[in-house]
Protein chains: 2
Amino acid sequence: MSGLTIGQVAERTGAATSALRYWEDLGLISSVRTTGNQRRYERATIRRVSFIRAAQRVGLSLEEIGAALSTLPDARTPTATDWARLSRAWRGRLDEQIRRIEKLRDQLDSCIGCGCLSLRTCALNNPSDVLAEHGPGAVLLEP
Amino acid sequence: MSGLTIGQVAERTGAATSALRYWEDLGLISSVRTTGNQRRYERATIRRVSFIRAAQRVGLSLEEIGAALSTLPDARTPTATDWARLSRAWRGRLDEQIRRIEKLRDQLDSCIGCGCLSLRTCALNNPSDVLAEHGPGAVLLEP
DNA sequence: GTCAGAGTTCATGTGACGTTCAAGTAGCGG
DNA sequence: CCGCTACTTGAACGTCACATGAACTCTGAC
């Protein structure tokens, strides 16, 4: 009754226990300890963990996710509106990812058969116009 | 005249010298050494490196790229046709990546505002039908 | 012959965890 | 209270694809 074990949170969210411990080290989630030093999680942690996993799927780094989570209210348990506010920003991110890959695919179509991989004129080999910009959003195809 | 230095290959392909050394450790590319133990690359290496970088952009691991490269003829310098054969398989891969992200985006649209992240019915939170399958092709969004 | 710049090996760091280990803990039946 | 199984702990090491830095050597222009 005093909280969820790490195994229960893992089962309910689909996250590995090793990931949960790692995220706690990074400060993304928190727990209280039993007298025997085991972690116990609040029920609200499940929603928080679900958010983290969804955000990862969208392509955010844990650092970015932590920044987003830090904008949640400290005092009260976050509401559905709080979570929706954070999720809204992902839309553009996904659109951008799709745009990038589509461009790469189209370039590939125009390149197959020419074998021009090493030439200066090959768009697939020199996609500077597509992927050169750095910063947020480039995580997916520009490591 | 006796070959390209690692810096020249890096400049012409856009790959970092550290990456070129790493790929050589893995056997993806090869070099000959000068009397002073410096690497010298054949001109054909530029095309090979370009292929590696393009393949990475498509989402292949270095292991997969190595497998593809090993199907190239050992005896002669690969032709444009050889490279085109390897590139053709990427098309479906990119299509699949786009399909995945589009599905995720559509789910996000239907989820924003509901704040249902922790509920069993939320498609974004339970995308088992989209991303559950493992194996090749899942590299991008399923780490 | 001098000197900058490019090259060398080797060790260590990164991100986001996964795996493995011995040792400790929880909760159950008997 | 004993024993059993399942679970949890921290620490340490592995993964992938490199980046970075230290300390050194080679090359090529002058």
Side-chain angles (χ1 to χ4, degrees), chain A residues 1-41 45 49 51-69 134 136 138-143, chain B residues 1-41 45 49 51-69 134 136 138-143:
Chain A
M1 285 298 137
S2 68
L4 301 154
T5 68
I6 194 170
Q8 286 168 333
V9 174
E11 195 188 1
R12 280 169 190 275
T13 62
T17 57
S18 58
L20 292 174
R21 278 189 277 262
Y22 181 60
W23 295 343
E24 192 173 328
D25 283 350
L26 297 185
L28 297 182
I29 54 176
S30 61
S31 64
V32 290
R33 299 303 182 108
T34 65
T35 53
N37 200 32
Q38 294 197 356
R39 290 169 172 84
R40 287 305 123 96
Y41 295 96
T45 304
V49 169
F51 175 84
I52 295 171
R53 284 171 57 80
Q56 283 191 311
R57 243 171 265 128
V58 175
L60 282 82
S61 70
L62 290 182
E63 192 173 4
E64 291 174 298
I65 295 169
L69 287 174
H134 286 286
V139 291
L140 201 56
L141 291 174
E142 280 247 321
Chain B
M1 285 296 138
S2 68
L4 300 155
T5 67
I6 194 169
Q8 287 168 334
V9 174
E11 195 188 0
R12 280 168 189 276
T13 62
T17 57
S18 58
L20 293 173
R21 276 189 277 262
Y22 180 61
W23 296 342
E24 191 173 328
D25 283 350
L26 297 185
L28 298 181
I29 54 177
S30 60
S31 65
V32 289
R33 300 300 183 109
T34 65
T35 53
N37 200 34
Q38 295 197 354
R39 290 168 175 85
R40 288 303 126 96
Y41 296 96
T45 304
V49 169
F51 175 85
I52 295 172
R53 284 173 56 81
Q56 283 190 310
R57 244 172 265 128
V58 174
L60 284 82
S61 69
L62 290 182
E63 193 173 3
E64 291 174 296
I65 296 169
L69 286 174
H134 287 286
V139 291
L140 201 56
L141 291 175
E142 280 246 322

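Every heavy atom of this structure was used, including side-chain atoms; hydrogens, water molecules and symmetry mates were not.
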Query raised in the report: Rounded to whole angstrom units, what separation is found between the CG atom of A:Leu26 and the P atom of C:dC17?
Result: 9 Å
Report task. Determine: side-chain N/O of B:Gln8 to OP1/OP2 of C:dA6, distance under 4.0 Å, yes or no. Result -> no
Query raised in the report: Under 4.0 angstrom, heavy atoms only, what part of the nucleic acid is B:Arg40 near: base, sugar-phosphate, or nothing?
Result: nothing
Query raised in the report: Given that A:Gly36 and B:Gly36 both sit by DNA chain C, which one's nearest nucleotide is further toward the 5' end?
Result: B:Gly36
Query raised in the report: In whole angstroms, how far is the C1' atom of D:dC26 from the CZ atom of B:Arg39?
Result: 14 Å
Query raised in the report: Does A:Trp23 place a side-chain N or O at less than 4.0 Å from the phosphate oxygens OP1/OP2 of C:dA16?
Result: no
Report summary line: Taken to the nearest 0.5 Å, the spacing of B:Leu28 CG from B:Ile52 CD1 works out to 5.0 Å
**Report entry** Closest nucleotide among D:dC18, C:dT8, C:dA16 to the A:Tyr22 side chain
**Finding:** C:dA16
Query raised in the report: Does D:dT27 have OP1 or OP2 sitting under 4.0 Å from an N or O in the side chain of B:Thr5?
Result: no
Requested in this report: Looking only at non-hydrogen atoms, find the nearest pair between B:Arg39 and B:Ser31 and report the distance.
Outcome: CG-OG, 3.5 Å
Query raised in the report: Atom OG1 of A:Thr45 and atom CZ of A:Arg12: how far apart are they, to the nearest 0.5 Å?
Result: 12.0 Å
Query raised in the report: Looking at the side chain of A:Leu62, which of D:dA19, C:dA16, C:dA26 is the nearest nucleotide?
Result: C:dA16
Query - Euclidean distance, atom CD of residue B:Gln38 to atom P of D:dT27 [Å, nearest integer] - result: 5 Å
**Report entry** Nearest heavy-atom neighbours spanning A:Tyr41 and A:Ile6
**Finding:** CE1-CA, 3.7 Å
Report task. Side chain of A:Asn37 only, please: which of D:dT9, D:dA17, C:dT9 is the nearest? Result -> D:dT9
Report task. Nearest whole angstrom, please: distance from the P of C:dT8 to the CG of B:Leu20. Result -> 10 Å
**Report entry** More than 12 heavy atoms from other groups under 6.0 Å of CD on B:Gln8
**Finding:** yes
Requested in this report: Round to a whole Å and report the spacing from CZ of A:Arg33 to P of C:dT25.
Outcome: 13 Å
Report task. Figure out the CD/C1' separation between A:Glu64 and C:dG15, and round it to whole Å. Result -> 13 Å
Report summary line: Whole-Å distance, B:Asp25 CG to D:dA19 C1', equals 14 Å
Report task. Let me know the distance between CG of A:Leu28 and C1' of C:dA16, rounded to the nearest Å. Result -> 11 Å
Report task. Classify the nucleic acid contact of B:Arg21 as base, sugar-phosphate or nothing, counting any heavy atom under 4.0 Å across all strands shown. Result -> base
Query raised in the report: Checking all strands, does B:Thr17 fall into the base, sugar-phosphate, or nothing category for heavy-atom contacts under 4.0 angstrom?
Result: nothing
Query raised in the report: Quick one: which of D:dT9, D:dC18, D:dT27 gets closest to the side chain of B:Thr34?
Result: D:dT27
